[in-house]
Amino acid sequence: MKYSKEEVIQYVREEDVKFIRLAFCDVFGKQKNISIMPEELPRAFEYGIAFDASAIAGFGDELRCDLFLHPDPETLMLLPWRPEHGKVVRMFAHITYPDGTPFECDTRSLLKKAIKDAEKAGFSFSFGAEQEFYLFNLDENGKPTTIPYDEAGYMDIAPEDRGENIRREICITLEQMGIRPESSHHEEGPGQNEIDFRYSDALTAADNAMTFQTIVKTVARRNGLCADFSAKPLDNEPGTGFHINMSVKPCDSSENLCYMIAGILDKVEEMTAFLNPTENSYMRFGQKKAPRYISWSAENRSQLVRIPAAVGEYRRAELRSPDPTANPYLAFALMIYAGLYGLENKLDLPKAANINLFKADQETLAKFRKLPESLNEACRIAAESEFIKTHLPAAILDIYCKK
């Protein structure tokens, strides 16, 4: 349900809400929030709530440190793990300077701009997220370890799969917050799990991806565990993927989907620093179903982009290179712009690579472009990219590539 400002104020008053969290994220997608009391809500809607931006990664220094959070009433959610009496709700917020000018490093606002640009061009995009994570034990001091919670494998069941009840608790919590999980299962790695979402509009999908990590970490800790979303937490086990499913409307013919995929393949090297923003991200490529080469095919999980077996409204493309350390707002915005580039220029889709690239010989592999092999290489490519310079503020490019 989407609320108006007046409805939020009424809900807070009638439902015994004692704290309102205004949520946002830094440029790397790490979620932050500030809590306000109900009496401050009208002021938050009218003027915004000030905070010290100098303490947030990438948000500036002490010279210009005041920014304002403006809650989006449509994103009101009850946090079901908080007390029944004295409830806690959360709203995502957009960020401005004191004079009301939008803050250029507010990545949620960048995604909203990308959505509007797509609408002006006559297109709309939907996204579905598949995020993997590991469950690790805590040590005697409550600190995270890299000892997996179980030794189960792909789609195993209890008792080998010890994460079954935790995934169930996560899915129930998601449903209580109005988020619709589509499926959940144990992944290939020991202690590795996956929960997938039904597709939705880009902004909702990104908000849900942010919420998902918070819920997983909260439920895991409540069960005496640590949830790890890093790209490659265990050297000899599968990496952690953030597979992003994307579709386009109008989809009256398969050509639009092909143009969209062609655009993403064309720009993926330039986007990789933002899809895979840590050194650890590049240890995942080329292993255990994580792509290394720039290619596409139907169903084939050795490819960068695959078209899953589906029909009608469920027909989509899956980009398999991102990992959960990516900021979903930036990732989705760049994918929209890359898709638009392909659609507006009617790019030809390369020939499908209907082979297993993990078993192909070097002569075959030499025919394909490769994803960047390190964060430094990805940043160099991004810094030289006119596509990135056109669609991302210079401040964000500097923060990612000069950190």
Side-chain angles (χ1 to χ4, degrees), residues 110-130 180 182 196-209 241-272 274-275 291 293-322 326 328-354 368-369 371 385-388 390-392:
L110 289 176
L111 176 56
K112 290 166 77 171
K113 180 181 182 300
I115 293 167
K116 288 181 180 178
D117 288 346
E119 289 173 349
K120 289 177 185 175
F123 300 100
S124 66
F125 297 90
S126 295
F127 288 82
E130 301 176 8
R180 184 175 174 182
E182 194 171 57
D196 303 340
F197 294 94
R198 184 177 172 82
Y199 69 88
S200 57
D201 66 273
L203 188 61
T204 299
D207 286 346
N208 289 351
F242 176 21
H243 301 153
I244 302 174
N245 292 278
M246 182 180 181
S247 60
V248 59
K249 290 183 179 178
C251 54
D252 44 7
S253 73
S254 62
E255 286 186 336
N256 279 352
L257 184 68
C258 292
Y259 294 147
M260 182 193 78
I261 296 171
I264 290 172
L265 292 175
D266 188 82
K267 300 300 181 186
V268 70
E269 293 152 294
E270 298 161 59
M271 299 190 293
T272 294
F274 306 96
L275 304 178
Y293 296 91
I294 299 173
S295 59
W296 77 277
S297 181
E299 303 182 41
N300 189 335
R301 280 179 166 80
S302 73
Q303 309 294 318
L304 174 66
V305 173
R306 77 181 190 101
I307 301 178
V311 295
E313 64 175 304
Y314 300 102
R315 189 167 168 78
R316 64 199 187 276
E318 178 187 76
L319 180 64
R320 297 178 58 80
S321 61
Y329 300 110
L330 277 183
F332 292 1
L334 289 173
M335 288 177 67
I336 286 172
Y337 284 124
L340 278 178
Y341 178 78
L343 286 157
E344 292 177 338
N345 291 281
K346 294 187 174 356
L347 291 189
D348 290 330
L349 191 60
K351 184 179 178 181
N354 296 317
F368 296 93
R369 289 156 42 220
L371 292 170
S385 166
E386 290 303 317
F387 171 77
I388 296 297
T390 298
H391 297 300
L392 291 187

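Within the 4.5 Å cutoff, the side chain of Asp201 has no heavy atoms near those of the Ser126 side chain. Side-chain contact check for Met335 versus Ile264: some heavy-atom pair is nearer than 4.5 Å. Side-chain atoms of Ile244 and Glu318, non-hydrogen and from C-beta on, never get closer than 4.5 Å to each other. The shortest distance between side-chain heavy atoms of Leu275 and Leu330 does not fall below 4.5 Å. Looking only at side-chain heavy atoms (C-beta outward), Asp117 and His391 stay at 4.5 Å or farther from each other. The shortest side-chain heavy-atom distance between Leu371 and Tyr293 does not fall under the 4.5 Å cut-off. Residues Ile388 and Phe274 are in side-chain contact: their nearest non-hydrogen atoms beyond the backbone lie under 4.5 Å apart. Residues Pro350 and Leu265 meet the side-chain proximity criterion, which asks for heavy atoms closer than 4.5 Å.
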- Task: For Phe197 and Glu182, run side-chain contact (heavy atoms from CB on, under 4.5 Å): C-alpha distance rounded to whole Å, both residues' side-chain angles, the deciding distance at 0.1 Å, then the answer.
- Result: CA-CA 5 Å; Phe197 294 94; Glu182 194 171 57; 5.7 Å; no
- Item | side-chain contact (heavy atoms from CB on, under 4.5 Å) between Met246 and Phe332, intermediate numbers included | CA-CA 9 Å; Met246 182 180 181; Phe332 292 1; over 6 Å; no
- Item | Val268/Val305 under side-chain contact (heavy atoms from CB on, under 4.5 Å): CA gap, chis, key distance, verdict | CA-CA 10 Å; Val268 70; Val305 173; over 6 Å; no
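No hydrogens or angles considered: nothing links the side chains of Asn245 and Tyr199 as a donor-acceptor pair under 3.5 Å.
Residues forming a side-chain hydrogen bond (donor to acceptor under 3.5 Å, both in side chains) with Ser295 (at least two apart in sequence, or on another chain): Gln303. A search for side-chain hydrogen bond (donor to acceptor under 3.5 Å, both in side chains) contacts involving Ser200 returns nothing, not counting sequence neighbours. Remark: Arg180 engages no residue in a side-chain hydrogen bond (donor to acceptor under 3.5 Å, both in side chains) (not counting sequence neighbours). Asp266 is linked by a side chain to side chain contact (heavy atoms under 4.5 Å, CB included) to Tyr341, Leu347, counting only residues two or more places apart in sequence or in another chain. By the side-chain hydrogen bond (donor to acceptor under 3.5 Å, both in side chains) test, Asp207 is found to be paired with Arg108, Tyr329, residues two or more places apart in sequence or in another chain being considered.
To the nearest 0.5 Å, atom CD of residue Glu270 and atom CD of residue Glu386 are 9.5 Å apart. Atoms NZ and CG, from Lys112 and Leu203 in turn, are 6.5 Å apart once rounded to the nearest 0.5 Å. One finds the CG atom of Asn354 at 9.5 Å from the OG atom of Ser302 (value rounded to the nearest 0.5 Å). Interatomic distance, CZ of Phe127 versus CG of Asn208, reported as 13.5 Å (0.5 Å rounding). For the atom pair Lys249 NZ and Phe125 CZ, the distance stands at 12.5 Å (nearest 0.5 Å). Between Ser124 atom OG and Ile336 atom CD1 the span is 9.5 Å, to the nearest 0.5 Å.
Sorted pairs that involve residues 344-353 and meet salt bridge (charged side-chain N to carboxylate O under 4.0 Å, His left out), not counting sequence neighbours, are lacking altogether.
The shortest non-hydrogen separation linking Ile115 to Ala202 is CD1-CB, 3.9 Å. Across Ala353 and Ser297, no two heavy atoms sit closer than the pair O-CB, 3.5 Å. Closest non-hydrogen pair, Cys258 versus Leu349, comes out as O-CD1, 3.8 Å. For the residue pair Asn256 and Leu343, the shortest heavy atom distance occurs at O-CD2, 3.3 Å. Nearest heavy-atom pair across Pro250 and Phe123 is CD-CD2, 3.9 Å.
Within the 3.5 Å criterion, the main-chain N or O of Leu304 finds no donor-acceptor partner in the side chain of Trp296.
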